[in-house]
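Order of the sequence lines sets the chain letters (A, B, ...), proteins ahead of strands, with each chain counted from 1.
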Amino acid sequence: MSDVKLEDIVSLAKRRGFIYPGSDVYGGLAGTWDYGPLGVALKRNIMNLWWKMFVDEADNMYGVDAAILMNQKVWQASGHVDTFTDPLVECSNCHNRFRADKLDNPDKCPVCGKEHTFGEPRAFNMMFKTYIGPVDETKVAGGATMISDLNTQTGKADSRITETNETVKYSLSDDTSLVYLRPETAQGIFTNFKNVVDSFYPDLPFGLAQQGKAFRNEISPRDFIFRSREFEQMEIEYFVHPDQWETVFEDWIKRVHLWCDALGLPAESVHELEVPEADRAHYSKRTVDFEFDFPIGREELLGLAYRTDFDLMNIQRASGKSMEYRPKDGSKPFVPHVIEPSFGVERALMAVLSAAYKEDEQNGEKRIYLALPAHLAPVKVAVLPLVKNKPELVAKAREVYDMLKKEIGNVMWVDTGNIGKNYRKMDEIGTPYCVTVDFETLEGDTAGTVTVRNRDTTEQTRVKIEDLIESI
RNA sequence: GCGGGUGUAGUACAACGGUUAGUAUGCGAGUUUUCCAAACUCGAGACGGGAGUUCGAUUCUCCCCACCCGCACCA
C-alpha cells in the first residue's frame with residue numbers, strides 16, 4: 001500500500017491542469033474524466049513510450065487501429081452479447097439473480113422461496129449501445145421513452161415505445177441496426193488478423209498492437225481514473241505456434257517488467273499474481289495479473305493472458321473464413337495461439353502519478369513535487385528570469401527559452417510571482433529542470449552561464465548556455 | 001441498483017428567512033524583489049437545477065441532478 005493519499009493526487013491533478021472531472025461545468029458525469037494541458041501531455045508521453053518500446057523497437061510487432069464501431073457479429077462471436085443482454089431480476093431477500101424470462105413463477109424466488117421480492121428486470125449489459133441508420137423520430141416524439149433491444153435473429157433493433165402504461169410495438173427502418181461501442185480493443189485486432197496476414201505476410205511469431213478507447217457501462221465507476229466508463233487501452237495480441245506459448249509467455253513477463261521500470265514504478269510496488277484457474281476466463285490457460293500498490297490498495301495495473309486459439313476459432317466459426325496461418329516453409333497450416341498483454345492507459349497514468357507524488361520540507365514548509373521520469377514529464381524544462389523588471393535580463397532569458405524550445409519542444413516560460421514560487425509551481429507539475437537566467441548570466445566571468453535547478457534535490461549548478469542541452 | 005452522506009469562488013471554509021453573501025489561499029494585472037510560495041495596490045471569481053411555503057428563500061419543505069462513502073457488479 002502506498003502512503004500517498006488518492007485525494008491529494010486528485011486535488012493536484014485538478015489544481016494544476018492534469019485531469020478534471022468530465023462535464024465539470026454541468027456538475028459532472030460519473031465515470032468520465034477530461035484531460036487538461038499537462039494531463040494530455042503526460043498521457044501521450046506514456047502512450048508514445050509504449051508504442052516505442054513494443055512496436056518501433058521490437059521485432060515482429062506491428063500496429064493496427066480498428067474502428068470503435070464494429071459489426072454486431074463481432075460481439076456475438078466473442079460472447080459479449082449473449083452473456084450480457086439478459087434481463088435479470090434480483091431477489092431483495094437472498095440477492096440471487098435470475099433471468100426474468102426463465103422464471104416459472106415470476107413472483108417467487110426459486111432459491112429462498114420468498115414471494116414478491118423481485119425488483120424491476122434490468123438488462124445487465126455493460127456495453128453502450130447506439131444506432132446506425134435512420135431512426136424515425138416522429139414515432140418517438142412527445143416525451144415517450146424508447147426502449148430498444150437487440151433481436152439476435154434479425155440482427156436488427158426492435159424497439160417499442162412506452163407511453164403511460166401502454167406498450168406500442170413498432171419497427172425501425174430496415175437499414176437501422178443496433179451497434180455497440182467496443183467494450184475492449186482486443187477484438188479489433190482479432191478481426192483484422194486475416195487482413196494483416198493476407199496483405200502483409202508477417203513471420204510468425206508476430207504481434208499486433210493497438211491503442212484506443214473502449215467503453216463499459218460500469219454500474220459504479222470508482223477511484224478516480226482507475227475504473228471509468230470510457231477508458232483507453234493498449235493491447236497486444238501476440239500470435240504464436242501452440243507449442244511455443246509457454247516460453248513466449250515467460251518472455252512477456254520480462255518485457256512487462258521492463259515497461260514498469262520505464263514508467264518509473266519501483267520494482268517493490270509491482271507484484272505478479274498468478275491467477276488461479278477458478279478466477280480465470282474459461283478460455284485462458286494461464287493468466288498473470290500485474291498489480292501495483294496504488295493509494296487505493298494493491299490493484300491490477302495490467303494483465304497478461306494466454307488466450308489459446310479461442311478468439312480466432314470463434315471468428316472462424318462465425319465468419320466461415322479460415323484463420324489458419326500458412327508457414328512459409330511449407331509446414332502444416334494451423335490456427336495460431338495468442339498471448340495477450342493488456343495495458344490500461346489510465347491505470348498506468350495513475351500508477352505513475354502515485355509513484356511520483358512526493359512531499360518534503362523546505363525551510364519549514366511543505367513542498368509537493370512529482371518525481372516524474374524526465375522522459376514522461378509534461379514539461380521537461382522551465383526557463384525563468386530571476387526577476388522580471390529588468391528588461392535586459394528578461395530578454396536574455398527569452399533568448400535561452402527560444403533556443404531550448406526549438407531543440408526540446410516541451411519547454412515552458414515562467415515569469416509570474418517570484419522565483420521561489422515558480423520553483424514550487426514547477427515542482428508540482430513535475431518539471432525536472434528549471435533554468436534560471438540571473439545577473440551573472442549577463443556580465444563578469446560568469447557571463448553566458450545560467451543555473452540549472454534539479455527538481456528532486458533542489459540543488460543548482462551553473463552551466464554555460466551552449467552546454468545546456470547536454471546537461472539536461 | 002440499494003443504503004447513507006454532501007452540494008456556497010479553482011481549493012478549503014464561514015454566515016444569514018431581509019442592504020452589496022464573508023475569510024484564507026490560489027488566480028490575473030501592477031509596484032517591488034539579485035534564488036526557493038516575502039510585501040503592497042488593484043482586479044476577476046460562488047449559493048447545482050426546478051417547484052412549493054413566504055411580503056421576501058442561498059437558508060425551510062418536496063422533486064430532480066450531480067458528486068462522495070459503503071454494499072453489490074467488474075465478461
**Message:** Is it the case that rC36(B) (base atoms only) and Arg453(A) (side chain only) share a donor and an acceptor within less than 3.5 Å, ignoring hydrogens and angles?
**Reply:** yes

**Asked** Among Glu235(A), Glu346(A), Glu184(A), Glu230(A), which residue meets the salt bridge (charged side-chain N to carboxylate O under 4.0 Å, His left out) test with Lys213(A)?
**Response** Glu230(A)

**Prompt:** With sequence neighbours excluded, what pairs up with Phe193(A) under the ring pair (Phe, Tyr, Trp, His ring centres under 6.0 Å) test?
**Reply:** Phe239(A)

**Complete:** Atom CZ of Arg424(A) and atom P of rC35(B) are separated, to the nearest Å, by 15 Å

**Request:** Any chance you could list the contact pattern along nucleotides 23-34 of chain B? Use B for base contacts, S for sugar-phosphate-only contacts and - for none, protein heavy atoms under 4.0 Å, 5' to 3'.
**Result:** ----S----BBB

**Complete:** Separation of rG1(B) atom P from Asn217(A) atom CG, nearest Å, is 10 Å

**Message:** Ring centres under 6.0 Å, that's the criterion: do Tyr180(A) and Phe128(A) meet it?
**Reply:** no

**Item:** Distance, rounded to the nearest Å, where Leu12(A) contributes CG and rG10(B) contributes P
**Value:** 18 Å

**Request:** Could you give the distance separating rA66(B) and rU23(B) at their C1' atoms, to the nearest angstrom?
**Result:** 27 Å

**Request:** Only stems of 3 or more consecutive Watson-Crick or G-U pairs count here, both distances under 3.5 Å; name the ones for RNA chain B, or none.
**Result:** B:1-7 with B:65-71, B:10-13 with B:22-25, B:27-31 with B:39-43, B:48-52 with B:60-64

**Spacing of Asp427(A) atom CG relative to rA37(B) atom P, expressed in whole Å** = 11 Å

**Request:** Please check if atom CZ in Arg44(A) has more than 12 non-hydrogen atoms from other residues, nucleotides or ligands closer than 6.0 Å.
**Result:** no

**Prompt:** If you take atom types as modelled and just measure distance, does the side chain of Thr458(A) reach the base of rC36(B) with a donor-acceptor pair under 3.5 Å?
**Reply:** no

**Item:** Contact residues, residues 465-472 of chain A to RNA chain B [heavy atom, < 4.0 Å]
**Value:** none

**Prompt:** Looking only at atom P, what distance separates rG10(B) and rG45(B), rounded to whole Å?
**Reply:** 11 Å

**Message:** Can you measure Glu359(A) atom CD to rC36(B) atom P for me and round it to whole angstrom units?
**Reply:** 21 Å

**Prompt:** Does Arg347(A) make a cation-pi contact with Phe226(A) (under 6.0 Å, within 45 degrees of the axis)?
**Reply:** yes

**Request:** Specify the separation, in whole Å, of atom CD1 of Ile296(A) and atom C1' of rC74(B).
**Result:** 13 Å

**Prompt:** How long is the line joining CG of Asp223(A) and P of rA72(B), in whole Å?
**Reply:** 14 Å

**Message:** Between rG4(B) and rA75(B), how far apart are the two C1' atoms, rounded to whole Å?
**Reply:** 30 Å

**Request:** Select base, sugar-phosphate, or nothing to describe what Pro21(A) touches, counting heavy atoms under 4.0 Å on all strands.
**Result:** nothing

**Prompt:** Quantified in whole Å, what is the C1' atom distance between nucleotide rC60(B) and nucleotide rC2(B)?
**Reply:** 29 Å

**Prompt:** Where the side chain of Lys14(A) is defined as all heavy atoms beyond and including C-beta, which of rG10(B), rA37(B), rC36(B) is the nearest nucleotide?
**Reply:** rG10(B)

**Comparing Ser11(A) and Ile368(A) on RNA chain B - which has the more 5′ nearest nucleotide** = Ser11(A)

**Request:** Please state the P separation for the pair rC71(B) and rA57(B) - nearest whole angstrom.
**Result:** 43 Å

**Fill in**
Between Glu184(A) and Glu459(A), the residue closer to the 5' end of RNA chain B by nearest nucleotide is Glu459(A)

**Request:** Pick the P atom in rC62(B) and in rG7(B), then give their distance to the nearest Å.
**Result:** 15 Å

**Asked** Does Leu6(A) reach the side chain of Met350(A), with side-chain heavy atoms less than 4.5 Å apart?
**Response** yes

**Message:** Suppose you measure atom C1' in rU53(B) against the same atom in rG43(B); what distance do you get, rounded to whole Å?
**Reply:** 40 Å

**Prompt:** Who passes side chain to side chain donor-acceptor pair (under 3.5 Å) against Asp360(A), sequence neighbours left out?
**Reply:** Arg367(A)

**Message:** I'd like to know if Asp438(A) and Arg462(A) make a salt bridge, using a cut-off of under 4.0 Å between side-chain N and carboxylate O.
**Reply:** yes

**Request:** Before accepting this row, confirm whether a basic side-chain N of the pair Arg455(A)/Asp427(A) lies closer than 4.0 Å to the acidic partner's carboxylate O.
**Result:** no

**Message:** Whole angstroms only, please: what is the CD1-P distance between Ile429(A) and rA37(B)?
**Reply:** 17 Å

**Asked** Is the shortest distance from a Lys or Arg side-chain nitrogen in Glu277(A) or Lys285(A) to a carboxylate oxygen in the other one below 4.0 Å?
**Response** no

**Integer angstrom distance from the P of rU58(B) to that of rG48(B)** = 10 Å

**Item:** With Phe224(A) via ring pair (Phe, Tyr, Trp, His ring centres under 6.0 Å) - residues at least two apart
**Value:** Trp33(A)

**Prompt:** Is it true that Tyr238(A) and Phe54(A) have ring centroids separated by less than 6.0 Å?
**Reply:** no

**Request:** Considering only NZ, NE, NH1 and NH2 on the basic side and carboxylate oxygens on the acidic side, decide whether Asp311(A) and Arg307(A) come within less than 4.0 Å.
**Result:** yes

